[in-house]
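First up is the structure itself, then whatever we jot down about it.
None of these values were measured; they are calculated from a predicted model. Letters A, B, ... are given to chains in the order of the sequence lines, protein chains preceding strands, and every chain is numbered from 1.
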Protein chains: 2
Amino acid sequence: MTPRDRVLVHFTADLVILTIRGGALHVLLVERANEPFAGLLALPGGFLRGAETVRQAAERELREETGVDPATLHLEQVGVYSAPDRDPRPRRVITCAFLAIAPDLPVPTAGSDARSARWTPVDDLLGGATRLAFDHDQVLADAVEQAREKLRFSTVATVFCEPEFTISDLREVYEAVWGVELDRPNFHRKVTDADGFIIPTDGKRAVPTGRPARLYRAGPADVLDPPMARTARTRPRF
Amino acid sequence: MTPRDRVLVHFTADLVILTIRGGALHVLLVERANEPFAGLLALPGGFLRGAETVRQAAERELREETGVDPATLHLEQVGVYSAPDRDPRPRRVITCAFLAIAPDLPVPTAGSDARSARWTPVDDLLGGATRLAFDHDQVLADAVEQAREKLRFSTVATVFCEPEFTISDLREVYEAVWGVELDRPNFHRKVTDADGFIIPTDGKRAVPTGRPARLYRAGPADVLDPPMARTARTRPRF
DNA sequence: CCAAAAGTGTTCATACTACACCCATGG
DNA sequence: CCATGGGTGTAGTATGAACACTTTTGG
């Protein structure tokens, strides 16, 4: 082959930023201001610049969209999307998708890009009712599936929570991401027994009614072994 | 930002083709004929051309290097490597690494590219004794770790084997990839009980000494649940 | 005291570990 | 018959599922 066969491409990093709002998994979407797909909803993202790595580009976008220090969040690669027709512009655009996990954030800086950012329930999108720009429907589905698996084998669920959280908070993370109901007593034992998953603090948090819950913070472990079982509990009979 | 900030890059697909030879995990390496890194060992790979997807480029390279139909092998994405200095050429080159799993193949077509391909024991490389071109040491380490995890939760181990194989063949795959010794009786039960992992055939294979082993072929399942335990068996005391 | 949520104890089933033992074949 | 690797049985242990139960608060 000759070097002339080599395609020159643009490269982007796209972000699937997940959080939990009101017990449901949400993803941050932006309304596209420019062509292609102007007016359509899309994952936030942007072109690789200068001497950045792809990850650095993703971190820059994450900071721009959420205003949060990427070091405090969880960010991992999902994969490359390279279908030649995924972007209609003449110059090919290949993207690398990243999965970001964040606690419930205010949507602050619609600033820099003047694109309106909004949290959208993931369930509304996976059904296929709304179509996203580019191949972002597929990217979203892949990233959500990766997040679901990640929760089984790692302790990232704590990143969805505030710095101090109750065991019920943590359980609701699993229930929102997996869309199942988990057995409360068994979940409690599981996470308290797991080495380095959560660390008890002195504080407690009052609840609307009932016994106050102990507060915990994230522990040093990042792998969860044995993993969290994803089986739904049997629904209580009436 | 202006469109001028967007970097134009070349894109490659690099392959970590793993197989098992003589009970040890091997990877296919090529000696680079051209600069950069001429003379050094590297993972096979090549530039994205025309309207290919990255996966199609990987499949094309796989066919060129091994002469085998990619449809019969296992091929999955590992990730993107985009450090700006990973390739010294003035135009940036970003790569997407793929993990390929293959049965023991003859190294046929050193043909098209006139690069000498060779199977190399992975253990010799992970130690860091030999340095590979580009960031391929890191790519190899990531891909091998991905293969190790993949074996736990999927049935891909059968792809390392010939179409018909014995349970000992399959066990030796796990032992080679994981570098452990597994309990033979328990492994036997585990894989025969697992639904859709292996299907018995009518054949048997004579062994140098001892009872002939039943032959199996790969089953339809691709997930292995519950997963294979990675714990080494206690070494037999003498 | 009652409702509700936090947290603990107990039982049963399953699955894994270790290892004893039997089976089939070649020499 | 013996060595060797294939294959089965089984007892002890660990983990998880289900759910009864106790604890602690607000009203």
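In this model, no side-chain donor or acceptor of B:Arg214 finds a partner on the base of D:dG6 within 3.5 Å.
Following rounding to the nearest Å, B:Met228 (CE) and C:dA15 (P) show an atom-to-atom distance of 14 Å. One interatomic measurement links the two molecules: CG of B:Asp183 to C1' of C:dC21, which rounds to 14 Å at whole-angstrom precision. At whole-Å resolution of the value, CG in B:Leu215 and P in D:dG6 are 12 Å apart. Look at CG on A:Leu182: it is 12 Å from C1' on D:dA17, rounded to the nearest Å. At whole-Å resolution of the value, CZ in A:Arg184 and P in D:dA17 are 16 Å apart. Between B:Arg230 atom CZ and C:dC16 atom P there is a gap of 17 Å when expressed in whole angstrom units. Per the geometry, CD belonging to A:Glu181 stands 14 Å off C1' belonging to D:dA17, to the nearest Å. Rounded to whole Å, atom P of C:dT14 lies 15 Å from atom CG of B:Asp225.
Remark: B:Pro185, B:Asn186, B:Arg189, B:Lys190 in residues 185-202 of chain B come within less than 4.0 Å of DNA chain C through at least one heavy atom.
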Sequence neighbours excluded and cut-off under 3.5 Å, please list the side-chain donor-acceptor pairs for residues 141-148 of chain A, or say none.
residue  : atom : partner  : partner atom : Å
A:Asp142 : OD1  : A:Gln138 : NE2          : 2.9
A:Asp142 : OD2  : A:Tyr81  : OH           : 2.4
A:Gln146 : NE2  : A:Glu76  : OE2          : 2.7
A:Gln146 : NE2  : A:Gln77  : O            : 2.9
A:Arg148 : NE   : A:Val177 : O            : 2.8

Validation: residues 118-126 of chain B side-chain donor-acceptor distances under 3.5 Å, sequence neighbours left out:
residue  : atom : partner  : partner atom : Å
B:Arg118 : NH2  : B:Glu31  : OE1          : 2.9
B:Arg118 : NH2  : B:Ser116 : OG           : 3.3
B:Trp119 : NE1  : B:Leu105 : O            : 3.2

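Annotation: ring pair (Phe, Tyr, Trp, His ring centres under 6.0 Å) contacts involving residues 138-166 of chain B, sequence neighbours excluded, comprise A:Phe153-B:Phe153. A ring pair (Phe, Tyr, Trp, His ring centres under 6.0 Å) check over residues 166-189 of chain A, counting only residues at least two apart or in different chains, returns the pairs A:Tyr174-A:Trp178, A:Tyr174-A:Phe187.
Atoms NZ and CZ, from B:Lys204 and B:Arg214 in turn, are 6.5 Å apart once rounded to the nearest 0.5 Å.
Looking at heavy-atom distances under 4.0 Å, A:Thr166 makes no contact with the nucleic acid at all.
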(message) Across nucleotides 22-27 of chain D, 5' to 3', mark each nucleotide with B, S or - according to how protein heavy atoms within less than 4.0 Å reach it.
(response) -BBB--
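For B:Arg131, the CZ atom counts as loosely surrounded, since its 6.0 Å shell holds 12 or fewer non-hydrogen atoms of other residues, nucleotides or ligands.
Contact annotation: A:Ser168 reaches the phosphate of C:dA6 (side-chain N/O to OP1 or OP2, under 4.0 Å).
Here the side chains of A:Pro44 and A:Glu61 are not in contact, with every heavy-atom distance at 4.5 Å or above. For the pair B:Asp169/B:Tyr216, no side-chain contact is recorded, criterion being any heavy-atom separation below 4.5 Å from C-beta on.
Side-chain N or O atoms of A:Asp104 include none that pairs as donor or acceptor with a backbone N or O of A:Arg21 at under 3.5 Å.
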